[in-house]
Amino acid sequence: MNKVSVIGIKAFGFHGCLDEEAKIGNEYVIDVELTTDFKESAEKDDLSKTIDYVIVNRIVEEEMAIRSKLIETVGYRILKRLQSESFVLDHTSITIKKINPPINGNVDYVSITVEE
């Protein structure tokens, strides 16, 4: 199996349980790793036989634009959208990092990872 990764997608969103998060928003960084067999695309040099990074990025941006209380929910939406594309996926991993979260502590980010 082979892996296609789109790492460090930057997005701004309004996710969170606090009212302030819905108003001021926050920065997010999303990593997507997709395990698939792209041998045919490599042999034929054919983009239509593999995962298009542009589509992956578009899906992440569209789902990040929909407000949710939980980034877990956003992660699962991204996962389901990627699976609904014509991609043949053996394994999918999405990590969403919430930069400078509004918690009473000094942390760089909190993150979730969904895999299937």
Side-chain angles (χ1 to χ4, degrees):
M1 287 296 103
N2 310 111
K3 188 181 287 187
V4 173
S5 301
V6 183
I7 305 298
I9 300 169
K10 292 171 181 55
F12 195 86
F14 297 89
H15 312 297
C17 294
L18 302 175
D19 290 337
E20 293 81 22
E21 293 175 293
K23 294 175 186 169
I24 62 174
N26 208 334
E27 294 179 52
Y28 297 84
V29 177
I30 303 91
D31 298 334
V32 178
E33 296 186 54
L34 307 167
T35 303
T36 188
D37 182 1
F38 58 71
K39 182 180 179 184
E40 183 181 4
S41 69
E43 290 173 343
K44 295 182 178 181
D45 199 23
D46 185 353
L47 176 60
S48 70
K49 306 282 186 203
T50 190
I51 297 167
D52 187 335
Y53 315 138
V54 173
I55 294 171
V56 172
N57 189 67
R58 179 178 46 83
I59 288 170
V60 169
E61 288 177 346
E62 289 172 358
E63 294 302 325
M64 288 298 295
I66 301 168
R67 173 162 163 60
S68 294
K69 290 181 180 177
L70 302 176
I71 56 176
E72 291 89 333
T73 303
V74 182
Y76 271 102
R77 280 201 320 259
I78 294 168
L79 178 84
K80 296 303 176 193
R81 282 277 309 275
L82 290 167
Q83 290 174 335
S84 73
E85 287 294 323
S86 58
F87 306 141
V88 178
L89 301 174
D90 296 307
H91 183 260
T92 305
S93 176
I94 291 105
T95 299
I96 300 176
K97 299 172 188 169
K98 185 174 193 173
I99 309 303
N100 297 317
I103 61 176
N104 292 326
N106 186 10
V107 299
D108 291 335
Y109 62 86
V110 294
S111 69
I112 60 95
T113 299
V114 293
E115 296 184 308
E116 196 168 282

Test your reading of the model: is there a side-chain donor-acceptor pair from Lys98 to the backbone of His15, 3.5 Å cut-off?
yes

If hydrophobic residues (ILVMFWY) are linked whenever their side-chain heavy atoms come closer than 4.5 Å, directly or via other members, who joins Leu18 in its cluster?
none

Quick one: does Val60's side chain get under 4.5 Å of Val6's, heavy atoms only?
no

Just so I know, are the side chains of Ile78 and Arg81 near enough to count as touching, which here means a heavy-atom distance under 4.5 Å?
no

Acceptor/donor pairs from residues 102-116 side chains to any protein atom, 3.5 angstrom cut, sequence neighbours excluded:
from: Thr113; atom 1: OG1; to: Thr95; atom 2: OG1; distance (Å): 2.8
from: Glu115; atom 1: OE2; to: Ser93; atom 2: OG; distance (Å): 3.4
from: Glu116; atom 1: OE1; to: Lys80; atom 2: NZ; distance (Å): 3.4
from: Glu116; atom 1: OE2; to: Lys80; atom 2: NZ; distance (Å): 3.3
from: Glu116; atom 1: OE2; to: Gln83; atom 2: NE2; distance (Å): 2.9

Do Tyr76 and Tyr28 share a hydrophobic cluster (ILVMFWY, side-chain heavy atoms under 4.5 Å, transitive)?
yes

For a quick test of your reading: what N or O donor-acceptor pairs under 3.5 Å do the side chains of residues 64-73 make, sequence neighbours left out?
from: Arg67; atom 1: NH1; to: Phe14; atom 2: O; distance (Å): 2.3
from: Arg67; atom 1: NH1; to: Gly16; atom 2: O; distance (Å): 3.2
from: Arg67; atom 1: NH2; to: Gly16; atom 2: O; distance (Å): 3.0
from: Ser68; atom 1: OG; to: Arg77; atom 2: NH1; distance (Å): 2.6

Here the gap from Asp90 atom CG to Asp37 atom CG, rounded to the nearest 0.5 Å, amounts to 7.5 Å

Output a table of donor-acceptor pairs, distance under 3.5 Å, between side-chain atoms of residues 29-36 and any protein atom two or more places apart or on a different chain; print 'none' if there are none.
from: Asp31; atom 1: OD1; to: Gly8; atom 2: N; distance (Å): 2.8
from: Glu33; atom 1: OE1; to: Lys3; atom 2: NZ; distance (Å): 3.2
from: Thr36; atom 1: OG1; to: Val88; atom 2: O; distance (Å): 2.4

Residue pair Ile51 / Leu89, side-chain heavy-atom distance below 4.5 Å
yes

Could you work out, with side-chain hydrogen bond (donor to acceptor under 3.5 Å, both in side chains) as the rule, every residue matching Asn57, not counting sequence neighbours?
Glu61

Any side-chain heavy atom of Ile94 within less than 4.5 Å of one from Leu82?
yes

side-chain contact (heavy atoms from CB on, under 4.5 Å) with Glu43: which residues, sequence neighbours excluded?
Lys39

Decide whether Ile96 and Tyr53 are clustered together by the hydrophobic rule: side chain heavy atoms of Ile, Leu, Val, Met, Phe, Trp, Tyr closer than 4.5 Å, transitively.
yes

At their closest point, which heavy atom of Phe12 faces which heavy atom of Ile24, and how far apart are they?
CZ-O, 3.2 Å

